[in-house]
Novice: 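Take a look at the following structure, please.
Given the structure is predicted, the values throughout are model-derived calculations rather than measurements.
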Amino acid sequence: KKAAAKPEPTPTDDAVANAIDEGIKSMSDFTFGRVTKCKIVSVRATQVNVQLADNIQGRIDVSEVFDKWEDIKDRKQPLRFFRPKQIISARILGIHDARNHKFLPISHRSGKFPVFELSVKPSFLQAANPSPLNLEQVQVGSTWVGFVNNVADDCLWINLSPNVRGRLRLMDASDDLSLLADVEKHYPVGSAMKVHVSAVDADKGRLDLSAKQRSDKLVFEDVSVGMILPGRVTKVTERQVIMQLSKSIVGAVDLIDMA
């Protein structure tokens, strides 16, 4: 048994060994909003796994990397530029809760070695009072950069942040319905999408998204051979059907192309 003169350190003040950031000495140094150095362990489709110290891990969700759509160089594999063993700076958001797709305040730490939820968004690293996105801040009609978290039979689940996940019906994934013939190819897990909010219910935690440009805004330059577009029949003659594809685009289906 240990001598009574040396009490065990309290859980909030556990000493940490070999912290990547020299300023970190104990668990209580990992506070919300703190910018800390970490070392990349592995790069997955939807997250970067990092080490903060011996036995202390962190994760950076793909939604916590980019400020703007234009910053994403590879939209199908946004995290490709990260490398294992790379040392980077990240800001602490809280504790990752794998069961509920949420992150918790640091005070909720249950195990001895939590996984920290981190952000490397440039705006978040520089913000005086960073506040992570939650569902209450998401308004109908607003536009976001989202990331495919998983692919279901009839929809894609899209993360706007580690805490905010929405449902995107496959029919609303694109103006070009031909892409739905191979969803996994065109919308791989981890890929980036521009989405807008069609419905939100914060009480029930429901978020509905769409990635259509809203077909009435489709212009002639957007259209290419092989696309499948929804159209509305506006006129029928003996030889053809006239269809409205958007406010500015009209098409004709000839009799021989009907079936």
Side-chain angles (χ1 to χ4, degrees), residues 2 6-66 78-79 82-137 146-150 157-166 189-190 202 205 207:
K2 286 189 176 176
K6 278 193 175 174
E8 284 283 292
T10 55
T12 54
D13 204 30
D14 282 340
V16 298
N18 300 318
I20 305 298
D21 194 314
E22 290 171 3
I24 301 270
K25 300 287 183 245
S26 73
M27 284 304 289
S28 57
D29 292 333
F30 291 116
T31 51
F32 170 75
R34 177 167 185 151
V35 176
T36 178
K37 287 194 173 70
C38 53
K39 182 169 153 187
I40 295 177
V41 177
S42 62
V43 182
R44 303 272 181 256
T46 60
Q47 68 182 48
V48 178
N49 297 317
V50 300
Q51 185 172 5
L52 297 166
D54 285 0
N55 294 321
I56 300 174
Q57 312 298 322
R59 72 182 283 278
I60 304 158
D61 192 85
V62 61
S63 61
E64 285 299 326
V65 176
F66 306 97
L79 299 176
F82 286 109
R83 293 282 174 267
K85 298 188 178 165
Q86 190 180 344
I87 305 284
I88 57 172
S89 289
R91 199 160 194 169
I92 297 173
L93 298 178
I95 306 284
H96 177 62
D97 177 8
R99 277 185 317 225
N100 300 315
H101 315 303
K102 297 269 184 219
F103 56 81
L104 303 168
I106 284 179
S107 56
H108 280 58
R109 189 156 74 82
S110 52
K112 191 174 179 193
F113 300 120
V115 175
F116 285 96
E117 193 80 61
L118 306 166
S119 176
V120 294
K121 278 185 175 179
S123 64
F124 211 82
L125 289 173
Q126 291 152 15
N129 296 307
S131 83
L133 182 73
N134 58 42
L135 195 55
E136 285 73 28
Q137 295 164 274
F147 298 88
V148 178
N149 188 270
N150 59 54
W157 288 97
I158 306 285
N159 270 29
L160 306 188
S161 80
N163 263 2
V164 179
R165 182 171 296 181
V189 167
L207 175 62

Novice: Do N159 and D61 touch side chain to side chain, with heavy atoms closer than 4.5 Å?
Specialist: yes

Novice: Quick one: pull up OG1 in T36 and CG in L52 and give me the separation to the nearest 0.5 Å.
Specialist: 5.5 Å

Novice: With sequence neighbours left out, what residues match T31 under side chain to side chain contact (heavy atoms under 4.5 Å, CB included)?
Specialist: R34

Novice: Check P132 against Q137 and note the closest heavy-atom contact, atom names and distance.
Specialist: O-OE1, 3.3 Å

Novice: Provide the full list of ring pair (Phe, Tyr, Trp, His ring centres under 6.0 Å) pairs with a residue in residues 38-62, sequence neighbours left out, each pair given once.
Specialist: none

Novice: Taking the side chain as every heavy atom from C-beta outward, state whether F82 and V65 have any atom pair closer than 4.5 Å.
Specialist: yes

Novice: I need the full list of salt bridge (charged side-chain N to carboxylate O under 4.0 Å, His left out) pairs touching residues 119-135, with sequence neighbours left out, sorted by first then second residue.
Specialist: none

Novice: Please find the pair of heavy atoms, one from A53 and one from A17, that lie closest to each other, and give the distance.
Specialist: CB-O, 3.5 Å

Novice: Which pairs with one or both residues in residues 21-56 pass ring pair (Phe, Tyr, Trp, His ring centres under 6.0 Å), sequence neighbours excluded?
Specialist: F30-F116

Novice: What heavy-atom pair brings P130 and G33 nearest, and what distance separates the two atoms?
Specialist: CG-CA, 4.4 Å

Novice: Could you tell me the separation between the CZ atom of F66 and the OG atom of S123, rounded to the nearest 0.5 Å?
Specialist: 12.5 Å

Novice: Identify the heavy atoms of V41 and V50 that sit nearest to each other, and give their distance.
Specialist: CG2-C, 3.8 Å

Novice: Look at the side chain of N163 and the backbone N and O of F103, then say whether any donor-acceptor pair between them is shorter than 3.5 Å.
Specialist: yes

Novice: Taking only residues two or more places apart in sequence or in another chain, which ones pass side chain to side chain contact (heavy atoms under 4.5 Å, CB included) with L125?
Specialist: V35, R91

Novice: Mind checking whether Q57 and Q51 have side chains closer than 4.5 Å, heavy atoms only?
Specialist: yes

Novice: Are there more than 12 heavy atoms of other residues, nucleotides or ligands under 6.0 Å from atom CD of E22?
Specialist: no

Novice: Which atom names give the shortest non-hydrogen contact between S26 and S28, and what distance separates them?
Specialist: OG-OG, 2.8 Å

Novice: Would you give the length of the straight line joining atom OG of S89 to atom CD1 of I20, rounded to the nearest 0.5 angstrom?
Specialist: 11.5 Å

Novice: Can you confirm whether L160 sits close enough to L133 that some side-chain heavy atom of one is under 4.5 Å from a side-chain heavy atom of the other?
Specialist: yes

Novice: Got M27 and V16 here, is their nearest side-chain heavy-atom distance under 4.5 Å?
Specialist: yes

Novice: The criterion is side-chain hydrogen bond (donor to acceptor under 3.5 Å, both in side chains); which residues satisfy it with N49, sequence neighbours excluded?
Specialist: S42, Q47

Novice: Could you tell me if the side chain of P114 sits less than 4.5 Å from the side chain of H96, heavy atoms only?
Specialist: no

Novice: Measuring from D29:CG to I24:CD1, what's the distance to the nearest 0.5 Å?
Specialist: 5.0 Å

Novice: Determine whether L118 and V120 make a side-chain contact, defined as any pair of heavy atoms from C-beta on separated by less than 4.5 Å.
Specialist: no

Novice: How far does CG of N18 sit from CD1 of I56, to the nearest 0.5 angstrom?
Specialist: 10.5 Å

Novice: If you take all heavy atoms of C38 and A90, which pair is closest and at what distance?
Specialist: SG-CB, 4.1 Å

Novice: Walk me through it: do I88 and I60 pass the test side chain to side chain contact (heavy atoms under 4.5 Å, CB included)?
Specialist: CA-CA 11 Å; I88 57 172; I60 304 158; 3.7 Å; yes

Novice: Can you measure from CG (N149) to CD1 (I158) and round to the nearest 0.5 angstrom?
Specialist: 8.5 Å

Novice: Go through it in stages, so that I can follow the logic: the residues are Q86 and K39, the test is side chain to side chain contact (heavy atoms under 4.5 Å, CB included), and I'd like the CA-CA distance, side-chain angles, deciding distance and then a yes or no.
Specialist: CA-CA 6 Å; Q86 190 180 344; K39 182 169 153 187; over 6 Å; no

